[in-house]
Amino acid sequence: MEQKLLPLFLTSSWAFLIAIFAVPSIIRVAHLKNILDQPNLRTVHETLTPRLGGVAVFAGFMSALTIFTDLNNGVQQLLASCIILFFIGLQDDLITLSALKKFAVQLLATGIVMFMADIRITSFQGIFGIGELQIGMSYGFTFLVIVGVTNAINLIDGLDGLAGSMVLIISMTFGVYFYLYGGAAYGNYATVAFCLIGGILGFLRYNFHKATIFMGDTGSLLCGFIVSILAIQFIEMRAVPSSPSVALGVLFVPLFDTLRVSIIRILKGKSPFAPDKNHIHHRLLAMGFSQISTVLILAFVNVLVIMFAFNFASWGNVGVLLMLLSFSVVLSVILGVYKSRSPQRVAKAKV
C-alpha cells in the first residue's frame with residue numbers, strides 16, 4: 001500500500017483541530033463540575049486544574065482514525081481496545097479506581113489485540129541467541145510489553161507537557177518508519193501514528209507549563225497502549241537491523257524511568273509500586289532545573305538515544321542493548337541513584 005504524504009498531513013490536521021477545539025470546552029465543564037486535580041505536597045501546580053485532557057486526545061485520535069485509516073491488519077481491534085481503555089481511564093479520573101480493576105481492563109484490551117488481531121512479538125531476532133518464539137512465550141512476552149509500555153507512559157506523566165512530548169517523539173519516529181517501509185502489511189500504522197500525533201499536538205497547546213489541563217489516566221493509558229502496539233508492529237516489520245533493541249531506544253526515557261525507580265524501591269525494601277520522588281523528572285527538578293527545562297532535557301535525551309539506536313543498528317541487538325545499558329548506568333549515576341537531596345515541590349509521583 002503506497003502511502004502519500006498529503007493524506008497523512010490531513011489525518012494529523014483533523015486530529016489536531018478536533019483536540020485543540022475540544023480542550024477549552026473540557027476545561028470549562030471540568031471547572032463547572034469540579035472535576036479538578038487538587039494541589040498537594042507532591043505536585044507543582046498551585047491551582048485546581050482539570051485532568052481530563054485525555055478526552056480531547058481520544059476525540060481527535062478516534063475521529064481521524066475512523067475517517068482516514070484503513071482498519072485492516074489489526075487496526076480495527078486496536079480501535080476497540082482504545083475505546084475500552086478510554087472509558088476505564090475516564091472512570092478513574094472521575095472517581096478513582098483500584099489498581100486491580102485498571103489492570104483487569106488492560107488485560108482485556110491486550111487480549112483483544114493479541115488473540116483477535118494476532119498482534120504479538122514472534123521473535124527475539126537473535127537476542128541472547130533466541131530466534132522464533134513458541135506460541136505461549138510469544139503471547140506471554142507480548143502481554144508484558146504492552147502492559148509495561150502502557151504503564152511506563154502513565155508513570156512519566158508527572159510534569160506539564162512531559163508525557164505528551166514523549167508520546168509525540170515516539171509516535172513521530174514510528175510513524176515515519178511505517179510511512180517509509182510499512183508497505184501493504186504495516187503501512188496503515190503510519191496513519192495510526194499520525195492520528196495520535198495530531199491529537200497530542202492539540203492537547204499540548206494547553207498542557208505546557210503552566211498547564212491549564214492535565215492528560216489524566218484517560219490520556220496516559222490510551223497513549224501508552226497505542227505506543228506499545230506501534231512498537232510491537234515496528235519490531236515485527238523488521239525494517240531496520242536489530243529492530244527489538246532499536247524499539248527500546250525509541251522508548252528509552254519512559255522505560256528507563258520505570259525500571260530505575262522500581263529497582264531503587266526494591267533495593268530500599270519497598271514495594272516497586274510505592275510512590276516516591278525518585279522519578280527522573282523529580283531528580284532533575286531537585287537539581288534546580290525548571291519544569292520547562294526538565295521537559296526539554298528529557299525530550300533531547302530521548303531524541304539523542306533514538307538517533308544513536310538507528311545509526312548503530314548494524315551493531316546487532318546485543319551491541320545496541322549494551323549501548324543502551326551503558327548510557328542508563330551513566331545517566332543513573334548523574335541523577336544520583338542513592339542520594340536524596342532536599343525535596344522541592346515536584347511533580348506528582350504516580351504509581
Side-chain angles (χ1 to χ4, degrees), residues 1 3 8 11-12 61 65 69-70 72-75 77-79 81-82 110 113-114 117-127 130-133 138-139 141-150 152-153 166-197 200 222-256 302-321 323-324:
M1 178 177 57
Q3 286 280 351
L8 290 179
T11 298
S12 189
F61 172 79
L65 189 74
T69 310
D70 176 3
N72 294 321
N73 305 328
V75 175
Q77 288 76 15
L78 171 62
L79 185 151
S81 295
C82 287
T110 302
V113 294
M114 281 199 308
D118 200 32
I119 294 174
R120 56 189 176 89
I121 295 172
T122 59
S123 171
F124 278 4
Q125 299 179 29
I127 298 179
I130 302 174
E132 296 299 312
L133 298 174
S138 174
Y139 282 124
F141 186 72
T142 300
F143 170 74
L144 292 176
V145 169
I146 294 175
V147 173
V149 173
T150 300
I153 298 298
M166 291 297 109
V167 171
L168 182 65
I169 291 167
I170 294 166
S171 300
M172 287 184 69
T173 304
F174 287 141
V176 167
Y177 271 80
F178 285 126
Y179 165 72
L180 292 174
Y181 306 110
Y186 299 99
N188 57 339
Y189 282 92
T191 316
V192 172
F194 277 84
C195 288
L196 184 58
I197 289 168
I200 285 292
L222 177 73
C223 291
F225 186 81
I226 297 167
V227 162
S228 72
I229 299 304
L230 293 176
I232 289 170
Q233 297 295 62
F234 172 82
I235 292 170
E236 288 298 298
M237 184 171 63
R238 306 189 188 191
V240 297
S242 317
S243 58
S245 299
V246 171
L248 289 176
V250 177
L251 297 162
F252 179 77
V253 167
L255 293 182
F256 166 77
N302 212 68
V303 170
L304 189 66
V305 174
I306 289 171
M307 292 172 61
F308 269 94
F310 278 104
N311 284 329
F312 295 101
S314 59
W315 287 8
N317 278 302
V318 174
V320 176
L321 281 176
M323 180 197 74
L324 294 175

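Quick caveat, the model's predicted, so the values are computed rather than measured. Positions are given from 1 along the sequence. Because only heavy atoms are used, hydrogens play no part in the values below, and waters and symmetry mates are left out as well, while side chains stay in.
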Is it the case that over 12 heavy atoms from other parts of the model lie below 6.0 angstrom from the CE atom of Met114? yes

Within the 4.5 Å heavy-atom criterion, are [X] and [Y] side-chain neighbours or not?
| X | Y | value |
| --- | --- | --- |
| Asn302 | Pro254 | yes |
| Phe174 | Gln233 | no |
| Thr191 | Asp70 | no |
| Ile226 | Phe61 | yes |
| Ile119 | Glu236 | no |
| Leu79 | Val75 | no |
| Val167 | Leu196 | yes |

Could you work out, with ring-ring contact (aromatic ring centres under 6.0 Å, His included) as the rule, every residue matching Phe312, not counting sequence neighbours? Phe308, Trp315

Could you grab the distance from atom [atom1] of [X] to atom [atom2] of [Y], nearest 0.5 Å is fine?
| X | Y | atom1 | atom2 | answer |
| --- | --- | --- | --- | --- |
| Ile153 | Phe225 | CD1 | CZ | 13.5 Å |
| Tyr189 | Ile232 | OH | CD1 | 9.5 Å |
| Gln77 | Asp118 | CD | CG | 10.0 Å |

Show the nearest heavy-atom pair for residues [X] and [Y], with the distance to one decimal.
| X | Y | value |
| --- | --- | --- |
| Pro244 | Ile127 | CB-CD1, 3.8 Å |
| Val227 | Ser171 | CG2-OG, 4.2 Å |
| Ile121 | Ser138 | O-OG, 2.6 Å |
| Val113 | Ser81 | CG1-OG, 3.5 Å |
| Arg120 | Tyr139 | CD-CE2, 3.5 Å |
| Gly224 | Val149 | O-CG1, 3.9 Å |

Tell me whether the rings of Phe178 and Phe234 are parallel (<30°), tilted (30 to 60°) or perpendicular (>60°). perpendicular

Please walk me through it: do Phe310 and Thr173 pass side-chain contact (heavy atoms from CB on, under 4.5 Å)? CA-CA 10 Å; Phe310 278 104; Thr173 304; 3.5 Å; yes

Quick one: which of Asn73, Thr69, Val192 gives a side-chain contact (heavy atoms from CB on, under 4.5 Å) with Leu78? Val192

Test applied, side-chain contact (heavy atoms from CB on, under 4.5 Å); reference residue, Ile306; option that passes from Val253, Val250, Leu251, Val246: Val250

Kindly say whether [Y] contributes a backbone atom to a donor-acceptor pair with the side chain of [X] at under 3.5 angstrom?
| X | Y | value |
| --- | --- | --- |
| Ser245 | Asn317 | yes |
| Ser123 | Gly131 | yes |
| Thr150 | Val147 | no |
| Ser242 | Ala313 | yes |

side-chain contact (heavy atoms from CB on, under 4.5 Å) between Leu230 and Ile170, worked out: CA-CA 9 Å; Leu230 293 176; Ile170 294 166; over 6 Å; no

Does the gap between the ring centers of Phe194 and Tyr179 come in under 6.0 Å? no

